[in-house]
Amino acid sequence: MRIILAGPRGFCAGVNMAIESLRLAIEAFGTPLYVYHEIVHNKWVVEGFMRQGVVFVDDLAEVPEGAHLLYSAHGAPPEIRQQAAQRGLQTIDATCPLVTKVHLEAVRFARKGYTIVLIGHAGHDEVVGTMGEAPGAIRLVQTAADVDRLEVTDPSKVAYLTQTTLSVDDAAEIIARLRHRFPQIVGPAREDICYATQNRQEAVRVLAREADVVLVVGSQNSSNSQRLAELARAQNVRARLIDGPADIDLTWFSGGETVAITAGASAPENVVQQCVALLQERFGATVESRMIRLEDLRFPLPKPLRKQS
Ligand code: SF4
């Protein structure tokens, strides 16, 4: 067996910042410490913090008045921030700046009177947060077919935004359909699908061509991990989204395959290495690292934690 380790893979700058923020917040304020939604969409990361006394909540009523609350990498809608202020919570904002950028674009377009078409997945934390920034102005579309069903009051005043973790190809198809229906549509000054999503997809697009199987390390609720598995399948390569080595079914392999391994932006590298070790032990796999694009982006920590780092 031959393993191709895809690069870049795993943690992005937003996830690194959010995890480091939570680690420093625990050091500074102790536990229990509360986080609105999962800090990032990964089972290992979330369970690790739960063992340290972090409480993840979907409802601020679960947070005692005056307690510390951290907003996750996916952000939080304004109504949650208002509730937190009313309850006297001490908040730390670990929202990824690239998610905040989309929020600000939504506010800007709404102020100018645009109907905003948000391309994204219903119910995803990031989409809920972005829609909350301009609730009356945003319509969600998930597919190109949804575009045909859109009804807007002024077709000459339509803007679009996208979730940061979409499939680049799917988003391009939907944007093309939007441009066809609304020729005057405007978009963000710079692409909303983030650099980490694009780079991980590009690596899979290139390396899946050489692979018989693609393993994507990531949790089922991780949007960008799901997209990586879909992308490999779209190239007629068998792909599995796995949380870790326990999800690997050895009957998937005969032992002579080329296996490309990647990881979603919230999946820890040590879990990737555990998967590699399992295949090395069972199939004597050789390992080759292939870096398609270098990344060196870092995001600043939230202000209340900067002194401590
Ligand atoms: S995937 Fe992109 S938008 Fe999401 S946290 Fe990472 S860098 Fe930020």
Side-chain angles (χ1 to χ4, degrees), residues 6-23 35-46 49 56 70-77 92-106 118-121 123-133 160-171 187-205 216-231 241 262-269 271-272 292-302 305:
R9 63 176 179 279
F11 284 3
C12 59
V15 165
N16 273 323
M17 181 273 287
I19 289 175
E20 182 64 0
S21 298
L22 186 47
R23 194 186 65 74
V35 178
Y36 182 64
H37 289 155
E38 293 189 341
I39 180 73
V40 297
H41 285 152
N42 184 269
K43 160 187 136 106
W44 302 105
V45 175
V46 168
F49 279 121
F56 294 95
L70 197 130
Y71 297 125
S72 78
H74 303 103
I92 301 160
D93 191 356
T95 306
C96 174
L98 300 182
V99 173
T100 302
K101 165 184 168 285
V102 182
H103 287 193
L104 296 176
E105 283 161 348
L118 175 64
I119 307 169
H121 299 290
H124 188 281
D125 293 344
E126 184 190 321
V127 165
V128 172
T130 305
M131 293 189 76
E133 295 288 348
Y160 74 85
L161 297 173
T162 72
Q163 188 179 329
T164 57
T165 50
L166 294 184
S167 149
V168 172
D169 298 336
D170 291 352
R190 282 183 56 198
E191 178 71 75
D192 287 331
I193 299 179
C194 78
Y195 80 99
T197 299
Q198 295 196 36
N199 290 349
R200 280 149 193 70
Q201 288 181 17
E202 186 187 356
V204 167
R205 190 176 289 110
V216 180
V217 180
S219 290
Q220 293 297 327
N221 63 343
S222 161
S223 168
N224 77 89
S225 304
Q226 287 279 7
R227 304 293 82 77
L228 294 175
E230 283 172 13
L231 181 57
L241 176 59
T262 184
S266 47
E269 178 62 17
V271 181
V272 174
I292 299 299
R293 199 165 289 281
L294 288 170
E295 290 179 350
D296 58 2
L297 195 60
R298 287 177 67 83
F299 292 140
L301 289 163
L305 299 172

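When a ligand or atom number is given, it counts from 1 through the structure's own listing order. Positions are given from 1 along the sequence.
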_Among Gln226, Arg227, Gln163, which residue satisfies the side-chain hydrogen bond (donor to acceptor under 3.5 Å, both in side chains) criterion with His121?_
Arg227
*Worked check of side-chain hydrogen bond (donor to acceptor under 3.5 Å, both in side chains) between Ser167 and Gln201*: CA-CA 8 Å; Ser167 149; Gln201 288 181 17; 4.7 Å; no
*Short list, please: which atoms of ligand 1 are under 4.0 Å from a heavy atom of Cys96?*
3 (S), 5 (S), 7 (S), 8 (Fe)
*Counting each atom of ligand 1 from 1 as listed, which ones have a heavy atom of Gly14 under 4.0 Å away?*
5 (S), 7 (S)
_Atom pair OG (Ser21) and CD1 (Ile39), whose distance is rounded to the nearest 0.5 Å_ = 7.0 Å
*With no hydrogens and no angle check, do the side chains of Asp93 and Thr95 hold a donor and an acceptor under 3.5 Å apart?*
yes
*Taking atom types as modelled, is there a side-chain donor on His41 or Asp125 under 3.5 Å from an acceptor on the other?*
yes
*With heavy atoms of Cys12 as the reference, note each atom of ligand 1 found under 4.0 Å away.*
1 (S), 5 (S), 6 (Fe), 7 (S)
*Taking both backbone and side-chain atoms into account, decide whether Cys194 has an N/O/S atom under 2.8 Å from atom 8 (Fe) of ligand 1.*
no
*asked:* For atom 4 (Fe) of ligand 1, what is the closest protein heavy atom, and at what distance to 0.1 Å?
replied: Thr164 OG1, 4.0 Å
